[in-house]
Amino acid sequence: MSAAGTYTPKPGAAPLSRMIAAQAALETKMLLRNGEQLLLTVVIPTLLLVLFSAVDIVDTGKGEAVDFLAPGILALAVMSTAFTGQAIATGFERRYGVLKRLGASPLPRWALMAAKTLSVLVTEVLQIVLLTVIAFALGWSPHGNPFAVLLLLVLGTAAFSGLGLLMAGTLKAEATLAAANLVFLLLLVGGGVIVPLDKFPDAAQSVLGLLPISALSDGLRDVLQHGAGMPWGDLGILAVWAVVGLGAAGKFFRWE
Amino acid sequence: MGNESVVQVTGLVKRYGSKTAVDGLDLRVRTGTVTAVLGPNGAGKTTTIETCEGYRRPDAGTVRVLGLDPVREAGALRPRIGVMLQSGGVYSGARANEMLRHMAKLHAHPLDVGALIERLGLESCGRTTYRRLSGGQQQRLALAMAVVGRPELVFLDEPTAGLDPQARRATWDLVRDLRADGVSVILTTHHMDEAEQLADEVAIIDAGKVIAEGTPEALCRGGAENTLRFSGRPGLDVGSLLKALPPDSAAAELTPGAYRVSGTVDPQLLATVTSWCAQHGVMPEKIAVERHTLEDVFLELTGKELRG
Ligand SMILES: Nc1ncnc2c1ncn2[C@@H]1O[C@H](COP(=O)(O)OP(=O)(O)OP(=O)(O)O)[C@@H](O)[C@H]1O
Ligand SMILES: [Mg+2]
């Protein structure tokens, strides 16, 4: 059937950098191929940005609507990829034995997680480019310190990834699917993304303000809309969520 | 075939809560051989294999694979083994060639992916994603993923479950080629003919223990009774034949003129039967010794009731 020696053992792991790059590329491809994931990460943020900038549905305060909306939508984009999308994808990978099978491959587990993070970051860059272009077309004029924006996005990604992986690694895949979508919806409404937090009662505001989505959208808005320096309070909230979320995910994540 | 072992399991115990899935199991796989692990559903085959693959930590006993501890030395072991899980293991949205190319990229000296795809008939999968592949196509992809990294040792958990006869034979041919090239293979199966065809060594597991092991020939020879049949005049004196035979034998006239002798059928017994025939002026026609199959042995050892 085949030439003798075809299967002669010649084992060995590929270089780590090549394994991580290949894994990240495959994960990104799987995400971009998945219709529901695209709806979540691309279609919904884009539609909300366009719709709410064009039509005065919610009162976004003084100034251009897009200046208020764009930072919120960027926060939503981060949440949709790092939290909702990652939780659902990883939950089903766990259910269908993908994580298990990769666990027997030369790819170490930490490298698999690194590749997942890389894939999330690549997706976020694509989202941010797309949303920024659209926002500019709608007349957006951002201010502020790009470094502060970057820091907020990175900490936000870490916080949402921790929570998403915690969910994917402990709940059943169907439960993760339902819960991740529900949380996405609730945080979209109650996290200062398109509805300003000051529209809620005072008591609710102080609680909602501690959510990672509120901290991210509020921090981005402080910088991009109002030209603030480092939004330390919001960065602090995100850092706490990141430490707690990633720590809990690291402790409770089950691979099978 | 060397005498060293690639897998050495001693006194393995594995519990899930209060349930003991593997209960003091010993298993040794010699380098360069194909070893088949047989056993009823729930016997502990998958648990044993997955412990060797490093997925589970033994509750007692020791497991050495290629001389390594599969849990503590996982990093060193994983590049050297190939794994086919009993099910799953592929992104539901991935295409067959995409997933196989990916597995190849994780290894330093992978096989030619195109040739492997062709060999296992996976080129027809085209752009179809994993969740829409047929069960047999999914199995063949998982098999390809287990060998693409050019491992020294391959674990195949029910590699031919759900395959059509052609695909089963293609899998057998691949396993034989692996062995010919020096790869050690350990597989589980419920097909006794598969074990007889492929395996150098067979281990039969029941309730978490190895209850029989050896080459397929040795297992069929020992243990189970064999049968000798012949035809002659109807109405021969079976009682007198029985007296001439060793005590553990039985003899009967099944239909007029068709006789069956069962017991330990060896050359001695054959000689006894033919000389009895000679004494009684009987020409034993169509005399035949029926070797028992592995399936007979298996059913005799593990009983005929269904398992939970
Ligand atoms: N993760 C688990 N949690 C609890 N019990 C388990 C688990 N995995 C297996 N078992 C139990 O352990 C026993 C052995 O299971 P195992 O999968 O090893 O059997 P098997 O020989 O591979 O069976 P089959 O031929 O059906 O594949 C079974 O009773 C099974 O129910
Ligand atoms: Mg099994």
Side-chain angles (χ1 to χ4, degrees), chain A residues 1-38 88-112 115-116 119 173 254-256, chain B residues 50 53-56 66 74-75 77-95 98-99 101-112 115-116 119 129-131 142 145-147 149-155 170 173-174 176-184:
Chain A
M1 279 290 287
S2 63
T6 306
Y7 303 101
T8 304
K10 203 169 177 190
L16 258 176
S17 56
R18 201 172 92 197
M19 287 198 279
I20 294 176
Q23 186 65 36
L26 183 69
E27 301 246 342
T28 311
K29 215 193 275 178
M30 291 301 111
L31 190 133
L32 296 178
R33 187 177 292 162
N34 184 311
E36 294 99 68
Q37 294 276 24
L38 283 183
I88 295 170
T90 309
F92 279 98
E93 286 162 19
R94 177 165 153 253
R95 146 79 96 78
Y96 291 125
V98 181
L99 300 182
K100 180 173 175 179
R101 178 63 189 83
L102 288 172
S105 79
L107 183 74
R109 278 181 175 168
W110 69 262
L112 172 61
K116 281 192 170 294
S119 160
R254 281 180 290 129
W255 296 82
E256 282 181 38
Chain B
E50 292 193 346
E53 292 162 347
Y55 286 118
R56 326 206 172 284
L66 300 171
L77 180 61
R78 283 184 182 141
R80 298 172 62 188
I81 61 172
V83 168
M84 175 178 180
L85 300 175
Q86 190 166 352
S87 64
V90 181
Y91 292 87
S92 62
R95 297 169 187 134
E98 202 167 49
M99 192 66 202
R101 279 185 202 289
H102 179 63
M103 289 310 291
K105 278 189 202 144
L106 302 181
H107 292 270
H109 316 283
L111 294 177
D112 182 311
L116 190 56
R119 162 140 206 194
T129 53
Y130 180 74
R131 70 170 162 274
M145 285 164 59
V147 302
R150 300 185 69 171
E152 291 164 60
L153 167 64
V154 179
F155 294 95
D173 285 339
L174 179 61
R176 291 194 184 105
D177 282 1
L178 289 169
R179 173 177 50 197
D181 284 341
V183 181
S184 313

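By convention in this document, chain letters (A, B, ...) are assigned in the order of the sequence lines, proteins followed by strands, and residues within each chain are numbered from 1.
Only the side chain of B:L174 comes within contact range of chain A, judged by heavy atoms closer than 4.5 Å. Residue A:L102 touches chain B through its side chain alone, counting heavy-atom pairs closer than 4.5 Å. Only the backbone of B:V90 comes within less than 4.5 Å of a heavy atom of chain A; no side-chain atom from C-beta onward does. Contact annotation for B:M145: both backbone and side-chain heavy atoms come within less than 4.5 Å of a heavy atom of chain A.
Listed by first and then second residue, the salt bridge (charged side-chain N to carboxylate O under 4.0 Å, His left out) pairs involving residues 22-31 of chain A are A:E27-A:K116, A:K29-B:E98 (not counting sequence neighbours).
When the candidates B:H102, B:E53, B:R80, B:E152 are compared by the number of heavy-atom contacts under 4.5 Å with chain A, B:H102 comes out ahead. Your options are A:R18, A:M19, A:M30, A:R33, and the one with the most heavy-atom pairs under 4.5 Å with chain B is A:R33. Ranked by heavy-atom pairs shorter than 4.5 Å toward chain A, the options B:G75, B:G89, B:A104 are led by B:G89. Interface remark: of the candidates A:A14, A:G103, A:G97, A:A14 forms the most heavy-atom pairs closer than 4.5 Å to chain B. Contacts with chain A were tallied for B:G182, B:G149, B:A94, B:A180; B:A94 has the most, counting heavy-atom pairs under 4.5 Å.
In this structure, B:K105 has no side chain to side chain donor-acceptor pair (under 3.5 Å) partners at least two apart in sequence or on a different chain.
For A:T28 (side chain) and A:A24 (main-chain N/O), a donor-acceptor pair under 3.5 Å exists by modelled atom type.
Salt bridge present: B:D177 and B:R119 bring a charged side-chain N and a carboxylate O closer than 4.0 Å.
With a 4.5 Å cut-off on side-chain heavy atoms, A:E256 and B:Y55 count as touching.
Under the 6.0 Å distance and 45° angle rule, A:R94 does not count as a cation-pi partner of A:W255.
Of all heavy-atom pairs between B:L106 and A:S105, the closest is CD1-OG, 3.7 Å.
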